[in-house]
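Values reported hereafter were calculated over all heavy atoms of this structure, with side chains retained and with hydrogens, waters and symmetry mates removed. Letters A, B, ... mirror the listed sequences (proteins, then strands); counts begin at 1.
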There are 2 protein chains.
Amino acid sequence: MALPIPGKPVRGSKSGQPIMALFDLLGRNWAMGIIWNLNEGSCTFRELQNRCETVSPTTLNVRLKELTSAHIIERTLDGYALTPFGKELFDLLLPIGKLAKGWSEKF
Amino acid sequence: MALPIPGKPVRGSKSGQPIMALFDLLGRNWAMGIIWNLNEGSCTFRELQNRCETVSPTTLNVRLKELTSAHIIERTLDGYALTPFGKELFDLLLPIGKLAKGWSEKF
DNA sequence: AGTGTTGCTACATTTTATGTAGCTTTGACA
DNA sequence: TGTCAAAGCTACATAAAATGTAGCAACACT
């Protein structure tokens with residue numbers, strides 16, 4: 001799938017509003033899970049595979065390339081890691097995690 | 001796709017941690033876009049189709065059923081609407097929208 | 001040389017999403 | 001009361017993505 005570029009048509013918006021471009025990216029299978037898991041610390045491809053439990057190497061690799069192109073993650077000597085922007089994004093995902101706990105009681 | 005039920009295995013977590021169940025749901029095509037667009041006000045199926053620009057009725061219908069089962073949206077006399085929980089969720093999505101603007105300048 | 005780990009790629013299969021058509025119901029209006 | 005438009009879908013064929021399993025090449029260690 002092509003990288004969603006803000007300003008150009010993406011899934012959800014012909015004008016490519018930034019939020020829609022980001023939703024396009026984050027909405028892809030495993031994207032948020034990868035960010036979530038990477039926040040626990042930089043790690044190798046295979047370690048990340050373990051943390052994500054059921055992701056296939058194919059999908060993981062595609063997602064990693066996309067997230068890297070989008071400056072959300074990067075490769076360091078320790079392996080894959082969140083960029084400063086990726087960390088900001090994680091910080092915004094965190095309250096959603098808290099909300100999810102309350103939500104889970106509805107089931 | 002089956003509804004992700006927190007506490008049961010979902011994409012991303014065999015134990016079904018709430019955040020993973022929610023990510024599973026939100027990560028599906030158009031889920032976040034629907035929430036985003038519904039915040040502008042309750043509306044009909046066809047109006048929502050217009051707001052989402054390029055969603056197919058098939059996908060929209062599937063997503064609406066899932067989000068309804070998950071208590072994120074509901075049907076009212078005005079059509080589809082965010083539930084109180086859906087609004088809380090939107091409020092957490094909002095700052096991501098702001099972050100997206102800064103992000104878009106990286107391209 | 002032999003063994004283990006890492007970071008992938010290949011590829012067949014299964015799942016999802018898309019796009020176009022169009023059916024059914026409801027309600028307004030002449 | 002006929003008809004016209006809009007709403008809320010469903011059907012179905014096609015295209016696009018994800019999955020799962022295997023395994024290869026590069027490197028480290030012994």
Side-chain angles (χ1 to χ4, degrees), chain A residues 1-5 9-14 16 20-21 23-38 40-70 73-81, chain B residues 1-5 9-14 16 20-21 23-38 40-70 73-81:
Chain A
M1 207 163 17
L3 241 210
I5 308 294
V10 298
R11 289 191 308 181
S13 163
K14 288 172 188 161
M20 286 302 172
F23 279 173
D24 182 353
L25 193 63
L26 294 181
R28 294 175 184 187
N29 225 335
W30 284 102
M32 289 190 289
I34 290 170
I35 294 170
W36 190 263
N37 281 305
L38 264 189
E40 291 172 23
S42 314
C43 69
T44 65
F45 185 94
R46 276 181 132 97
E47 164 62 15
L48 193 50
Q49 235 184 321
N50 287 337
R51 291 189 192 172
C52 291
E53 299 183 63
T54 59
V55 71
S56 69
T58 319
T59 304
L60 181 57
N61 189 38
V62 171
R63 250 355 48 96
L64 285 174
K65 283 180 180 166
E66 290 170 355
L67 292 172
T68 301
S69 298
I73 65 177
E74 63 190 347
R75 296 199 66 168
T76 67
L77 293 177
D78 294 334
Y80 290 97
Chain B
M1 209 165 9
L3 242 209
I5 307 293
V10 298
R11 288 190 310 180
S13 163
K14 286 172 189 161
M20 287 302 174
F23 280 172
D24 182 352
L25 193 62
L26 293 182
R28 293 173 186 189
N29 224 336
W30 284 102
M32 289 190 289
I34 289 170
I35 294 170
W36 190 263
N37 282 303
L38 263 189
E40 292 171 21
S42 314
C43 69
T44 65
F45 185 94
R46 277 180 129 100
E47 164 62 16
L48 193 51
Q49 235 185 318
N50 286 337
R51 290 188 193 171
C52 292
E53 299 184 62
T54 59
V55 70
S56 70
T58 319
T59 305
L60 180 57
N61 190 38
V62 172
R63 241 17 29 106
L64 284 175
K65 282 179 180 164
E66 289 169 356
L67 292 172
T68 301
S69 298
I73 65 178
E74 63 190 345
R75 295 197 67 168
T76 67
L77 294 177
D78 293 335
Y80 290 98

| note | A:N50 atom CG is separated from C:dT6 atom P, nearest whole Å, by 9 Å
| Within the structure, does a side-chain N or O atom of B:R28 lie under 4.0 Å from either OP1 or OP2 of C:dA17? | no
| Spacing between A:D24 atom CG and C:dA17 atom P, to the nearest angstrom | 13 Å
| said: Expressed as a whole number of angstroms, how long is the span from A:L77:CG to C:dG7:P? | reply: 12 Å
| query | Which residues satisfy the side chain to side chain donor-acceptor pair (under 3.5 Å) test with B:N37, sequence neighbours excluded? | reply | none
| query | Is any side-chain nitrogen or oxygen of A:K65 closer than 4.0 Å to OP1 or OP2 of C:dT9? | reply | yes
| Could you give the CZ-to-P distance, from B:R51 to D:dA7, as a whole number of Å? | 12 Å
| OP1 or OP2 of D:dT19 less than 4.0 angstrom from a side-chain nitrogen or oxygen of A:R63, does that happen here? | no
Listing, residues 58-65 of chain A side-chain donor-acceptor contacts under 3.5 Å, not counting sequence neighbours, or none:
residue	atom	partner	partner atom	Å
A:T59	OG1	A:S56	OG	3.0
A:R63	NE	A:E66	OE1	2.8
A:R63	NH1	A:N29	O	3.0
A:R63	NH2	A:E66	OE1	3.4
A:R63	NH2	A:E66	OE2	3.3

| Of all the choices, C:dG7, D:dA7, D:dT10, which nucleotide is nearest to the side chain of B:T44 once you look at every atom? | D:dA7
| field | Atom-pair distance (CZ on B:R75; P on C:dT26), nearest Å | value | 13 Å
Each nucleotide N or O in nucleotides 18-22 of chain C that has a protein N or O under 3.5 Å away: list the pair and distance.
residue	atom	partner	partner atom	Å
C:dT18	OP2	B:T59	OG1	2.9
C:dG19	O6	B:T58	OG1	2.7

| Between C1' of D:dA18 and CE of A:M1, the distance in whole Å | 10 Å
| query | What is the distance from CG of A:L48 to P of C:dG7, rounded to the nearest Å? | reply | 10 Å
| query | Excluding sequence neighbours, so at least two apart, what forms side chain to side chain contact (heavy atoms under 4.5 Å, CB included) with B:P9? | reply | none
| request: Would you tell me if any nitrogen or oxygen in the side chain of B:Y80 comes within less than 4.0 Å of OP1 or OP2 on D:dC9? | output: yes
| query | Taking only residues two or more places apart in sequence, or in another chain, which ones meet A:E74 in a salt bridge (charged side-chain N to carboxylate O under 4.0 Å, His left out)? | reply | none
| request: For A:N61 and D:dT19, give me the distance from atom CG to atom P, rounded to whole Å. | output: 13 Å
| Taking all non-hydrogen atoms of both residues, which atom of B:M32 and which atom of B:L26 are closest, and how far apart? | CG-O, 3.6 Å
| With sequence neighbours excluded, what pairs up with A:W36 under the ring-ring contact (aromatic ring centres under 6.0 Å, His included) test? | A:F90, B:F23
| Nearest atoms (heavy-atom pairs only) where B:M20 meets A:G33 | CE-CA, 4.4 Å
